[in-house]
Amino acid sequence: MSNRLLTHLRHVDLAVPDYDRQLDFYSGVWGLTKVAEDSGISFLAAEGSPEQYVVRLRKADEKRLDLVSYGAATPDDVDTLAGQLLAGGVRLVSQPGKIDTPGGGYGFRFFDVDGRTVEVSADVDVRQHRKIEEKESIPVKLSHVVLNSPDLDRTKAWYEEHLGFRLSDTLSHPHIGDVMHFMRISNQHHSMAIAKGPHTSLHHISFEMRGIDEYMRGSGRVMRAGFKKVWGPGRHMAGDNTFTYFLDPHGNTVEYTTELELLDEDTWHPHVYDFSNPEVSDQWGTANPMNELVTKESFNDVDRGVFVAPPV
């Protein structure tokens with residue numbers, strides 16, 4: 001296993017055909033702040049986060065996940081990771097160097113085992129941010145990202161071997177086996193999870209709210225604005241976090257959450273939770289039932305942006 005050189009999740013970048021609608025959604029009802037825009041690309045920050053941006057939108061002909069970005073502590077760690085990935089046969093998109101996006105920094109990009117583009121960077125300027133006040137129902141920060149994979153265990157093993165992720169918990173079903181692995185790079189229960197899906201795609205992006213009240217107020221605001229609520233409000237057992245899932249204007253699932261569990265990594269042992277138990281998916285029992293229709297919404301469209309390696 002690679003030493004853990006990643007520190008946290010920085011941002012998730014989306015390509016969208018109807019750019020104006022997506023920008024209106026994320027900078028409006030969803031509560032992010034547009035901090036920069038240029039020629040069909042916009043950068044959106046969370047007011048409580050030191051990250052320069054947590055979502056990037058790019059106008060494109062096809063909907064796709066452009067990349068997922070993680071932080072590293074130092075440029076030396078970036079170089080070390082790039083060397084490890086090359087030695088392990090991972091295909092790099094770019095060599096370590098200067099990053100020309102808000103906040104700058106030093107980083108590189110590569111393809112994961114499913115063909116997604118991943119970025120790792122260090123020395124990015126800290127954005128001036130602020131404390132989110134009581135009853136202010138906007139995202140504090142980016143919480144986590146969940147990715148669909150047709151080969152759940154292969155993807156899990158790749159992230160453990162090459163990027164130092166560790167397994168926190170697994171959701172399993174008595175009839176279909178494992179359906180989700182929750183993966184961490186810190187004491188946060190998960191910064192990324194891998195879901196069993198029919199194709200490679202984005203499952204959902206999750207945003208941390210200040211507290212339960214702000215989470216509920218934000219959920220209500222999005223519901224009143226007429227955007228489709230997929231599932232929630234409720235509280236998961238794995239991670240012990242709250243959830244309300246919505247569809248953005250292009251059918252990507254986005255989540256408001258709060259109180260994601262922080263682990264004692266020295267003593268933590270992964271659980272396997274039976275997903276057929278209703279209390280596993282929602283401890284409160286307040287969400288609409290998890291069913292096939294809810295599951296299919298998060299399969300999302302096939303991601304046309306993934307790299308497919310040529311046959312050997």
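Computation of the quantities below employed the complete heavy-atom set of this structure, encompassing side-chain atoms and omitting hydrogens, waters and symmetry-equivalent molecules. The model shown is predicted, which means the values in this text are computed figures rather than measured ones.
- You'll find the side chain of K229 reaches within 4.5 Å of the side chain of N288, heavy atoms only.
- With respect to the salt-bridge test (charged N to carboxylate O, under 4.0 angstrom), the residues D100 and K98 do not qualify.
- At least one donor-acceptor pair under 3.5 Å links the side chain of D282 to the backbone N or O of T286.
- By the 4.0 Å N-to-carboxylate-O rule, E133 lies too far from R210 to be salt-bridged with it.
- Ion pairing between a basic and an acidic side chain is recognised when a charged N comes within 4.0 Å of a carboxylate O; R58 and D13 show no such pairing.
- Aromatic rings from W30 and F227 are positioned such that their centres are separated by 6.0 Å or more.
- Residues W231 and H236 place their aromatic rings such that the two centres sit under 6.0 Å apart.
- With F207 as reference, V55 is the one residue of T257, I138, V140, V55 to meet the side-chain contact (heavy atoms from CB on, under 4.5 Å) rule.
- With rounding to the nearest 0.5 angstrom, the CZ atom of F165 is 13.0 Å from the NZ atom of K156.
- Between E265 and R166 there is a salt bridge, since at least one side-chain N of the basic residue sits less than 4.0 Å from a carboxylate O of the acidic one.
- Ion pair R127/E47 flagged as a salt bridge, since at least one NZ, NE, NH1 or NH2 atom sits closer than 4.0 Å to an Asp/Glu carboxylate oxygen.
- Residues N148 and S298 approach most closely at ND2-O, 2.7 Å, considering heavy atoms.
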Full working for side-chain contact (heavy atoms from CB on, under 4.5 Å) between F43 and K34: CA-CA 6 Å; F43 301 88; K34 185 176 73 173; over 6 Å; no
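- No more than 12 heavy atoms of other residues, nucleotides or ligands lie within 6.0 Å of CZ in R224, so this atom counts as exposed by the packing criterion.
- Within 6.0 Å of atom CG in D264, more than 12 heavy atoms from other residues, nucleotides or ligands are found, so the atom counts as buried in its surroundings.
- In this structure, I205 CD1 and S143 OG are separated by 12.0 Å, a value rounded to the nearest 0.5 Å.
- Aromatic ring centres of F108 and F110: separated by under 6.0 Å.
- D303 and K63 are not joined by a salt bridge, as no carboxylate oxygen comes within less than 4.0 angstrom of a charged side-chain nitrogen.
- Using a distance-only test at 3.5 Å, with no hydrogens or angles considered, no donor-acceptor pair links the side chain of D274 to the main chain of H173.
- Of the possible polar contacts, one joining the S168 side chain to the H189 backbone as a donor-acceptor pair under 3.5 Å is found.
- Results of the side-chain contact (heavy atoms from CB on, under 4.5 Å) test with L147 over M192, M183, H203 single out M192 as the only residue that passes.
- A salt bridge links R235 and D240; the closest N-O separation between the charged side-chain nitrogens and carboxylate oxygens is under 4.0 Å.
- For the 3.5 Å distance criterion, the side chains of H144 and E208 fail to qualify, holding no donor opposite an acceptor.
- The pair K196-D178 fails the salt-bridge criterion, with no side-chain N (NZ, NE, NH1 or NH2) lying under 4.0 Å from an Asp/Glu carboxylate O.
- At least one side-chain heavy atom of Y19 sits under 4.5 Å from a side-chain heavy atom of S42.
- Between H8 and Y70, the ring centre distance reaches or exceeds 6.0 Å.
- With contacts defined as side-chain heavy-atom distances shorter than 4.5 Å, the pair Q22/D24 does not qualify.
- No chain of hydrophobic side-chain contacts below 4.5 Å, direct or via other Ile, Leu, Val, Met, Phe, Trp or Tyr residues, connects V230 to V254.
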Check against side-chain contact (heavy atoms from CB on, under 4.5 Å), L67 and H11: CA-CA 8 Å; L67 65 83; H11 53 87; 3.9 Å; yes
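- Here the side chain of S149 pairs no donor or acceptor atom with the backbone of I194 at under 3.5 angstrom.
- Taking the side chain as every heavy atom from C-beta outward, E119 and V68 never approach each other to under 4.5 Å.
- Between H162 and W158, the ring planes lie tilted relative to each other; the angle falls in the 30° to 60° range.
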